[in-house]
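Below you'll find the structure, written out as structure tokens, and then a few comments.
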Amino acid sequence: MKTKYETTSTLIHFDNVSKRYPGGHTGLSNVSLRIEAEEMVFLTGHSGAGKSTLLKLIGLLERPSNGQLHVNDRNLTRLKSRQIPYHRRDVGMIFQDHRLLHDRTVFDNVALPLVVAGVGHKEIGRRVRAALDKVGLLYKERNAPVTLSGGEQQRVGLARAVVSKPPLVLADEPTGNLDPELSEEIMALFGQFNQVGVTLLIASHDIDLINRMQKRVLTLSKGQLVGDTRTECGNVS
Ligand SMILES: Nc1ncnc2c1ncn2[C@@H]1O[C@H](COP(=O)(O)OP(=O)(O)OP(=O)(O)O)[C@@H](O)[C@H]1O
């Protein structure tokens, strides 16, 4: 991973990547794209267009069927199974349904990636509280997730995704269940993470929200990349 002060470097590189699922369903078809370190990029397209598939390939929840995929200087096409946990530590993931453990506290949910990585007890406490503080939920650390609102649960998911300071965060419809005000809050937090150097790739159907953010937008249709708009000030329709 190159530092913030070096010239831009490619963090994600899809070279003619396809994904076919068992049974013959096409997830992605010959996708080529590059995302530079420290970019904030939106991924859009209709239901079934391949947004989740693209994110899953980057997070190694799925493997490509064809093509070459490099993420963070790793060739994911060739990565050995035993190396997958190391890759996952570098990729924070956020889902629409939060995927929090409901029998654990907010603190324990956020601590999970650090526990899995074998981080020491004291360091876990320090880092979890820093992450909860960033999302404004330090005062809820002892709560059960079920006692939180949808927006708060998503913020816990966000804290969990960034607690190990990954260079890359992937979000799959992170505001799908939230009202416009809470969606803006989540986007503002993403913007803050991006400001400190985190690369973000966010899948969303919400064209209005995407337009307001004025970032690069990748559009998928039927598994193919059909749009790549670098409208820092224009609109996507
Ligand atoms: N595990 C799977 N097995 C078989 N087919 C799958 C699987 N996952 C996805 N697909 C298929 O791959 C295509 C792309 O799906 P994907 O979930 O990536 O789309 P999406 O753009 O994220 O859709 P949505 O917005 O509805 O989440 C769809 O045709 C889908 O049915």
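What you are looking at is a predicted structure, and each value in this text was computed from that prediction instead of being measured. Every number for a ligand or one of its atoms is a count from 1 in the order of the listing.
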message = Quick check: closest heavy atoms across Arg34 and Glu39, and the distance to 0.1 Å?
response =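 Scanning both residues completely, I find the closest heavy atoms to be O-OE1, 4.3 Å.
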message = Show the nearest heavy-atom pair for residues Ser204 and Ile210, with the distance to one decimal.
response =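 Between these two residues, the closest heavy atoms are O-CD1, 3.8 Å.
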request  = For Asp206, enumerate each residue passing the salt bridge (charged side-chain N to carboxylate O under 4.0 Å, His left out) test, keeping only those at least two apart in sequence or located in another chain.
outcome  =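 Salt bridge (charged side-chain N to carboxylate O under 4.0 Å, His left out) check on Asp206 returns nothing, list empty.
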key: Those protein residues which place at least one heavy atom below 4.0 Å from ligand 1   =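 Heavy-atom contacts below 4.0 Å: Tyr21, His25, Thr26, Gly27, His46, Ser47, Gly48, Ala49, Gly50, Lys51, Ser52, Thr53, His205.
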Per-pair distances, 0.1 Å, donor-acceptor, side chain in residues 125-132, under 3.5 Å, sequence neighbours excluded:
from: Arg126; atom 1: NE; to: Glu123; atom 2: OE1; distance (Å): 3.2
from: Arg126; atom 1: NH2; to: Glu123; atom 2: OE1; distance (Å): 3.4
from: Arg126; atom 1: NH2; to: Glu123; atom 2: OE2; distance (Å): 2.8
from: Arg127; atom 1: NE; to: Glu123; atom 2: OE2; distance (Å): 3.0
from: Arg129; atom 1: NE; to: Glu141; atom 2: OE1; distance (Å): 3.2
from: Arg129; atom 1: NE; to: Glu141; atom 2: OE2; distance (Å): 3.2
from: Arg129; atom 1: NH2; to: Glu141; atom 2: OE1; distance (Å): 3.1

key: Neighbour count above 12 (heavy atom, 6.0 Å) for Arg142 CZ   =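 Count over threshold, so yes.
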task = Can you sort out the partners of Leu148 under side-chain contact (heavy atoms from CB on, under 4.5 Å), two or more places apart, ordered by chain and number?
result =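 Leu148 satisfies side-chain contact (heavy atoms from CB on, under 4.5 Å) with Val106, Lys140, Asn143, Glu152, Gln153, Val156 once adjacent residues are dropped.
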